[in-house]
Amino acid sequence: GTGGSGGSTAGAGGSTAGAGGSTAGAGGSAAGSAGTSAGSGGSAAGAGGSAPAVDYVAYVTGSPDYSATVRKIEAFSFDVGTGAMKSLGTWDAGPLPTYLAFHPSGSAVYATNESGSGHVRAFGIEKGSGKLAALSDRTTGGNGAVHVFARPQGDWLLVSNYDGGNISTFPIDAKGDIGPAKDTKPTGTQSHQVVTDPAGKFVFAPCRSANLVAGFTLAADGTLTPLSPKSLALAGGPRHMAFHPSSKYAYVLAENSNK
């Protein structure tokens with residue numbers, strides 16, 4: 001396919017790579033600290049009216065065959081006692097939404113459209129029901145928007161453009177909505193992910209074909225400045241990375257070498 005993430009699963013206790021879509025769990029009275037995004041003006045499908053409060057909501061999106069005709073995000077209530085799930089509705093998420101990220105407050109979710117020119121879409125999460133309300137749809141400055149990440153402080157959103165080989169920053173307002181891109185910087189061929197360290201000071205982008213991890217500082221105004229050196233060479237097709245909570249260690253998955 002386009003080399004996208006192929007999907008991801010994020011739950012209350014961690015994350016795993018998935019195939020053909022994206023699933024996110026949300027705990028708490030609303031969507032808690034997890035949820036989902038996407039959607040250009042999507043309205044909920046199914047029965048009308050307000051849904052009863054739920055303890056957990058799971059959000060699912062993506063396509064098993066990378067078809068751009070797949071446009072939806074679907075929300076499910078989740079019973080942790082029985083494992084039963086019940087659909088809460090679907091929302092239009094634009095073409096091929098393959099990755100989701102949540103605002104740290106749980107008030108919003110963001111989805112990338114990996115098909116063609118990159119887009120990132122923001123959705124508000126209704127407290128209590130977990131239902132979504134479409135907010136903004138922004139271009140990402142590169143084709144194949146494959147990954148989205150909200151800075152821990154909740155003030156900046158970052159998007160990685162796989163085909164564009166770059167990353168972009170977007171301001172997040174008090175409601176969780178996003179403004180137009182503030183800065184876009186080149187990373188390397190097939191920029192597969194973008195994350196910050198736990199403190200939100202440094203930004204990193206694993207680039208699969210370039211065999212490197214690009215690094216930047218993130219200023220208060222959303223400007224990215226390359227580190228010196230600007231990247232770390234890493235063979236094997238680096239795809240995704242994660243940090244230890246102490247910030248002392250980082251872990252990188254090398255897709256091509258299975259390491």
Side-chain angles (χ1 to χ4, degrees), residues 4-5 8 10 22 24 26 30-31 33-45 57 59-62 68 70-75 88-127 129-162 164 166-185 194-196 200 203 218 220-224:
S5 65
S8 66
S22 175
S33 58
T36 179
S37 128
S40 52
S43 60
V57 178
Y59 299 89
V60 182
T61 188
V70 177
R71 302 176 59 94
K72 73 177 182 178
I73 292 176
E74 186 164 4
L88 300 175
T90 61
W91 290 261
D92 185 354
L96 197 59
T98 57
Y99 208 90
L100 305 173
F102 297 91
H103 190 275
S105 70
S107 63
V109 62
Y110 311 97
T112 52
N113 292 135
E114 193 176 336
S115 177
S117 60
H119 283 250
V120 60
R121 299 167 189 262
F123 291 83
I125 300 175
E126 183 180 86
K127 186 176 182 180
S129 74
K131 288 189 174 183
L132 303 182
L135 300 174
S136 292
D137 172 8
R138 304 293 184 184
T139 57
T140 60
N143 290 348
V146 71
H147 189 267
V148 58
F149 181 90
R151 187 171 182 251
Q153 289 81 355
D155 52 356
W156 290 98
L157 191 75
L158 299 100
V159 173
S160 180
N161 296 303
Y162 182 86
N166 56 27
I167 59 174
S168 296
T169 62
F170 301 82
I172 303 175
D173 68 18
K175 296 180 180 180
D177 200 3
I178 54 175
K182 168 65 177 180
D183 194 15
T184 300
K185 287 291 194 297
V194 60
V195 295
T196 72
V203 175
L218 177 61
D221 66 355
T223 301
L224 295 162

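For clarity, every value in this text was computed on a predicted model and none was experimentally measured. Hydrogens, waters and symmetry mates are skipped; everything else that's a heavy atom, side chains included, is used.
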- Task: Let me see the working for Leu224 and Leu218 under side chain to side chain contact (heavy atoms under 4.5 Å, CB included), right down to the final yes or no.
- Result: CA-CA 5 Å; Leu224 295 162; Leu218 177 61; 3.9 Å; yes

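- Here the CD-OG1 distance, from Glu114 to Thr140, works out to 11.0 Å after rounding to the nearest 0.5 Å.
- In this structure, CG in Asp137 is found 8.0 Å from CD1 in Ile178, a value given to the nearest 0.5 Å.
- Of all the heavy atoms in Ile172 and His103, the pair that sits closest is CG2-CD2, 3.7 Å.
- Expressed to the nearest 0.5 Å, how far CG of Asn166 lies from OG1 of Thr184 amounts to 6.0 Å.
- When every heavy atom of Leu88 is checked against every heavy atom of Ser129, the shortest pair comes out as CD1-O, 3.4 Å.
- Of all the heavy atoms in His119 and Ser117, the pair that sits closest is CD2-O, 3.3 Å.
- The main-chain N or O of Asp221 is never found under 3.5 Å from a side-chain atom of Trp156 such that the two would form a donor-acceptor pair.
- Inter-residue side-chain proximity for Lys131 and Trp91 is flagged as met; some heavy-atom pair is nearer than 4.5 Å.
- Among all heavy-atom pairs drawn from Gly141 and Asn161, the shortest one is C-ND2, 3.9 Å.
- Between Lys175 and Ser107 the shortest heavy-atom distance is O-OG, 4.3 Å.
- Rounding to the nearest 0.5 Å places OH of Tyr99 at 9.0 Å from OG1 of Thr112.
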- Item | Step-by-step side chain to side chain contact (heavy atoms under 4.5 Å, CB included) determination, Val203 to Thr196 | CA-CA 4 Å; Val203 175; Thr196 72; 4.1 Å; yes

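- Within the 3.5 Å criterion, the main-chain N or O of Pro95 finds a donor-acceptor partner in the side chain of Asn113.
- Minimum heavy-atom separation, Ala75 to Val57: CB-CG1, 4.1 Å.
- Taking CD1 from Ile167 and CZ from Phe149, the interatomic distance works out to 11.5 Å, rounded to the nearest 0.5 Å.
- Distance check: Ser168 OG to Lys182 NZ gives 12.5 Å after rounding to the nearest 0.5 Å.
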